[in-house]
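Here is the structure we will look at, set down as structure tokens.
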There are 2 protein chains.
Amino acid sequence: MHEPDTIDIAILKTLQNEGRISNAALAERVGLSASACSRRLDILEKSGVIKGYHARLSHKALNYRMIAIVHISLSGQFAKTLTEFEAAVKRCPNVLVCYLMSGEYDYILRVAARDLEDYERIHRDWLSALPHVVKINSSFALREIIDRPNVGMG
Amino acid sequence: MHEPDTIDIAILKTLQNEGRISNAALAERVGLSASACSRRLDILEKSGVIKGYHARLSHKALNYRMIAIVHISLSGQFAKTLTEFEAAVKRCPNVLVCYLMSGEYDYILRVAARDLEDYERIHRDWLSALPHVVKINSSFALREIIDRPNVGMG
DNA sequence: CGTGAAAGGGTTCACTC
DNA sequence: GAGTGAACCCTTTCACG
């Protein structure tokens, strides 16, 4: 698993923003022949640098208009407690992001809901039902300022 | 902008997980001819339901090993204050996500850094330099449990 | 590691129902 | 709205530099 060179970086940058660009166009963009570009792309995919390609959908168009940030504390940090919590949280389709955190709260979640009523249902049926939870704190996004798929590269 | 029907939903679901699938394979998957599928995809893209296609890169492979969640409070909620803050935060390439929030803090950010030293630099040069900030609270992700590109669809 | 050519497959029309 | 066929373009692989 070698370090990506300048051309690899150019390929990755392009694919970050235009994930469905054709190999031929990508090759031209980064100054390679189509075959050379195809081979490099193959290597980048197989090495795990590229984890996948995804269409980003408009939450609004799909009638998901609310984003909640949920802070959660558990009753302890035992391995079994965490494992059980994590297995349960993965089952909730509305949870977009979940991190185990240092600091005041154990987990931070980003949750998508259609509206306040939908969030109430998710909170009742999913979040409150998660095992070992002792504190849940929801706050709501008023506006999305930034949502980048990846970190910018130099 | 008509409501997506069952076939549109199938197209969107597939592209969420396989953003680089060929139109021909997509058509077969959803039970359409290639031309019909291509036409629908065109409509979905132009209507804004599909906001873009992105390669998801391994932060680890690119040596971004740290994720920080940053809570920020401003000195007021005047429109000018928010606008100036948001213009400044958009300039920081390490900020992956930024929401204007209800509740205790005004903004929540997700920030990527290579390591603790890198985060110290970002905090000093970017976050502390943001205008109108009166409180910054960083916590760090110990582990990523979930990172879905989109909300699950029925 | 890059090139060019060739075969196979994909995309996009106009046209039709 | 959906399918068909044909022209054109793209992808992939191979031998070679």
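Letters go in sequence order (proteins before strands), and every chain restarts at 1.
Look at CG on Leu41(B): it is 13 Å from P on dA2(D), rounded to the nearest Å. A straight line from CZ of Arg20(B) to C1' of dT11(C) spans 15 Å, rounded to a whole angstrom. What separates CG of Leu32(A) from P of dG4(C) is a distance of 12 Å, to the nearest Å. Taking atom CZ of residue Arg29(B) and atom P of nucleotide dG10(C), one finds them 13 Å apart after rounding to whole Å. Rounding to whole angstrom units, CD of residue Glu28(B) and P of dG10(C) are separated by 9 Å. Straight-line distance from the NZ atom of Lys46(A) to the P atom of dT12(D): 10 Å, rounded to whole Å. For the pair Asp42(B) CG and dT11(C) P, the interatomic distance rounds to 13 Å; values are reported in whole Å.
With dC13(C), dA2(D), dT12(D) as the choices, the nucleotide that has an atom nearest any side-chain atom of Ala36(B) turns out to be dA2(D). Closest to the side chain of Ile43(B), out of dT12(D), dG2(C), dG1(D), is dG1(D). Picking from dG2(C), dG4(C), dG10(C) the nucleotide with the shortest atom distance to the side chain of Ile7(A) gives dG2(C).
The base of dG4(C) lies close enough to the side chain of Ser35(A) for a donor and an acceptor atom to sit less than 3.5 Å apart.
Looking at Gln77(A), His132(A), Lys135(A) one by one, the single match for side-chain hydrogen bond (donor to acceptor under 3.5 Å, both in side chains) with Asp106(A) turns out to be Gln77(A).
Pairing each heavy atom of Pro131(B) with each of Glu84(B), the nearest pair is CG-O, 3.7 Å.
Glu45(B) and Tyr53(B) form a side-chain donor-acceptor contact under 3.5 Å, judged by distance and modelled atom types alone.
Relative ring orientation between His71(A) and His71(B) is described as tilted, the plane-to-plane angle lying within the 30° to 60° band.
Along DNA chain C, the nucleotide closest to Ala25(B) and the one closest to Gly31(A) are compared, and the more 5′ of them pairs with Gly31(A). Between Arg39(A) and Asn23(A), the residue anchored closer to the 5' end of DNA chain D is Asn23(A), taking for each the nucleotide with the nearest heavy atom.
Between dA2(D) and Arg40(B), a contact under 4.0 Å exists linking OP1 or OP2 to a side-chain N or O. Within the 4.0 Å cut-off from OP1 or OP2 of dT12(C), at least one side-chain nitrogen or oxygen of Ser38(B) is found.
Between Tyr107(A) and Tyr99(A), the distance from one ring center to the other does not fall under 6.0 angstrom.
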